[in-house]
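When a residue number appears, it is its place in the shown sequence, counting from 1. Numbering of ligands and ligand atoms starts at 1, following listing order.
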Amino acid sequence: MTQNEKYQIKQRTLRRDFWQRLCGSPDLPVKLLFVALYLAGAVWVWSKQEAISAYTQSVELISPVMLAVMTHAVPAYLLVGGVALAVLLVYPFGRKAAQDQLQSIGLANHAGMAPDLLRKKRDKDNPRVTVWEFRNQSIPLTVWEDKRAAIEAALDVSIVKIAYGKSKSQVLVYAVSAQTSLPDVLRWSDAYLSLDSFVLTLGESLTGPVTVNLAHIPHILLGGSTGSGKSVLLKLLLMQSLRKGAEVCIADFKGGVDFPKVWHKKCRMCFTEEDLLYTLGQLVAVLEYRKGRLAETGCPNLDAYNEATGDNLPRLVFACDEVAELLDKTGRSKEEKEQLAQIENRLATLARLGRAFGIHLILATQRPDANILPGQIKNNLDFRVCGRADNVLSQIILDNTSAAEQIPKDARGRFITGDGTVFQGYLLDEKQL
Ligand SMILES: Nc1ncnc2c1ncn2[C@@H]1O[C@H](COP(=O)(O)OP(=O)(O)OP(=O)(O)O)[C@@H](O)[C@H]1O
Ligand SMILES: [Mg+2]
């Protein structure tokens, strides 16, 4: 593209932007208020014009410019106020600076145009967060994500989330001040236990608590390399499930290192594959039973059933740390492979049908092995969380490389969710059980 063509595109876009700002401004009511004030001011100046001129005559030593302004108070007001009003109506504060900064880090389209700040506002859901709304000049979201660190430096903020706005021509950058950062350790306190059934709290992001409602998103997949904090987070979720009256089954093949005796009293533990197969079989049987009961009573889900019948069927949570390790068939005998295939089948049934019947899976893995967790299980684990990880593991858990990019290599208990929210998980002291 020639320089001249680039220039012409820029000019046309500027003209279009101007009219769109004026007509399609989302904060039009506030701006209309300014117009009303301006008009009221004009009437006031007009009514006081004679008094102002009389005052001007009485003052000595006044500059000629000031004298001219005061003698022609009405036109002066209309001109200066009108220009100020036009700028206010069209542009948000800091627009030019933001555009220059983004241009300087190379966030620009092929015509060389950087994103244009349309407005800055407080996030409705979280007053700590400012939403920067940009016209993205056809720059795709992936490019914004790639330049996330540079954008943070350019705008001097910590970015919480980048998302499309109402249409794909707008990008919203959710950010907090650059001085805000997550603490390395956040200790769990019972005060964080959510009162809503069945909401579990994972930790805190820059914007507040990170939670998951198992009634809506039934299953969780946790990933992260060794020492990233998966087991601690898994236990945090299981502890809350117990508190909320759920029954918990845990598959633990690490010889009780992660789940000391206190867990054995409160949960159903599986230490061998036979035991696990049996437990999963029971869970599938419960699922079938509940399916029948719900069908008979015409209830769409467990909560509705409990409410309608006065029964109190508990939610059932099945947890497995190191699930890829468990399902790995390499080097296994034929019988073992068959047993694993059955385990896989039952997990797949629970993953597919568990939601309505209050049966949930929380599976964790550190293995960057794409083929071990079958698609029919993985695709139903909708809430994804990944701690410190390499590109491959991050891609397996989240379907993107954000964990590798955004979780520091020495972080413990720091995670990112599938929707890009980084949080510090609460550290649970097992004595709190
Ligand atoms: N939320 C947290 N806040 C602070 N420190 C944490 C947190 N979670 C874990 N840690 C620290 O990290 C250590 C490892 O955690 P954890 O055992 O959960 O890791 P892991 O991912 O399960 O590792 P592995 O894959 O080896 O089992 C813990 O002993 C603890 O010291
Ligand atoms: Mg672990």
Answer yes or no: are there more than 12 heavy-atom neighbours, outside R332 itself, under 6.0 Å from its atom CZ?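 Yes, because the 6.0 Å sphere around CZ of R332 holds more than 12 heavy atoms from other groups.
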Identify the protein heavy atom lying closest to [atom], giving its residue, its atom name and the separation to 0.1 Å.
{"atom": "atom 25 (O) of ligand 1", "answer": "K230 NZ, 2.7 Å"}
{"atom": "atom 26 (O) of ligand 1", "answer": "T226 OG1, 2.5 Å"}
{"atom": "atom 6 (C) of ligand 1", "answer": "L427 CD1, 3.7 Å"}
{"atom": "atom 3 (N) of ligand 1", "answer": "Q424 NE2, 3.4 Å"}
{"atom": "atom 10 (N) of ligand 1", "answer": "R412 CB, 3.9 Å"}
{"atom": "atom 15 (O) of ligand 1", "answer": "G229 CA, 3.6 Å"}
{"atom": "atom 28 (C) of ligand 1", "answer": "V232 CG2, 4.4 Å"}
{"atom": "atom 22 (O) of ligand 1", "answer": "S231 OG, 2.7 Å"}

Partner of T279 by side chain to side chain donor-acceptor pair (under 3.5 Å), out of R268, R346, E274: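 Running side chain to side chain donor-acceptor pair (under 3.5 Å) over R268, R346, E274 with T279 returns exactly one hit, R268.
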Yes or no on salt bridge (charged side-chain N to carboxylate O under 4.0 Å, His left out) for E344 and K329, after CA distance, side-chain angles and deciding distance? CA-CA 11 Å; E344 242 177 59; K329 296 198 189 76; 2.9 Å; yes
Tell me whether ligand 1 is touched by G227 - counting only heavy atoms on the residue side and a distance under 4.0 Å.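 Checking ligand 1 against G227, which is what was asked, there is a heavy-atom contact under 4.0 Å.
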Between [X] and [Y], does any side-chain N to carboxylate O distance fall below 4.0 Å?
{"X": "E325", "Y": "R367", "value": "yes"}
{"X": "R293", "Y": "E288", "value": "no"}
{"X": "R95", "Y": "D100", "value": "no"}
{"X": "K161", "Y": "D123", "value": "no"}

As an exercise, identify every atom of ligand 1 less than 4.0 angstrom from a heavy atom of [X].
{"X": "S225", "result": "21 (O)"}
{"X": "Q366", "result": "25 (O)"}
{"X": "K254", "result": "27 (O)"}
{"X": "Y426", "result": "1 (N)"}
{"X": "E322", "result": "25 (O), 27 (O)"}
{"X": "G425", "result": "1 (N), 2 (C)"}

How long is the gap from CD on E145 to CD1 on I151, to the nearest 0.5 Å?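 Going from the CD atom of E145 to the CD1 atom of I151 covers 8.0 Å.
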Return the CG to CG distance between L327 and L347, rounded to the nearest 0.5 Å.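 Atom-to-atom, L327:CG and L347:CG are 6.5 Å apart.
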Heavy-atom protein contact below 4.0 Å for atom 1 (N) of ligand 1: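 Given the 4.0 Å limit, the answer for atom 1 (N) of ligand 1 is yes, a protein heavy atom qualifies.
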Do D321 and S231 get their side chains close enough for a donor-acceptor pair, meaning under 3.5 Å?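 The answer is yes; a qualifying pair exists.
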Test item: side-chain donor near acceptor, R135 and S169, under 3.5 Å: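 No, because no side-chain N or O of R135 sits under 3.5 Å from a partner of the opposite role on S169.
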Go through E204 and Y426 one step at a time and tell me if the side-chain hydrogen bond (donor to acceptor under 3.5 Å, both in side chains) criterion holds. CA-CA 8 Å; E204 269 179 44; Y426 290 120; 2.8 Å; yes
Assess whether salt bridge (charged side-chain N to carboxylate O under 4.0 Å, His left out) is satisfied between E322 and K254, documenting all intermediate values. CA-CA 9 Å; E322 316 290 356; K254 277 175 99 181; 3.6 Å; yes
Which pairs, with at least one residue in residues 409-423 and sequence neighbours excluded, count as a side-chain hydrogen bond (donor to acceptor under 3.5 Å, both in side chains)?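 Sorted result for residues 409-423: R414-Q424, T417-D419, D419-T421.
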Count, excluding waters, the protein N, O or S atoms that are closer to the Mg ion (ligand 2) than 2.8 Å.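 Atoms of protein N, O or S type lying less than 2.8 Å from the Mg ion (ligand 2) total 1.
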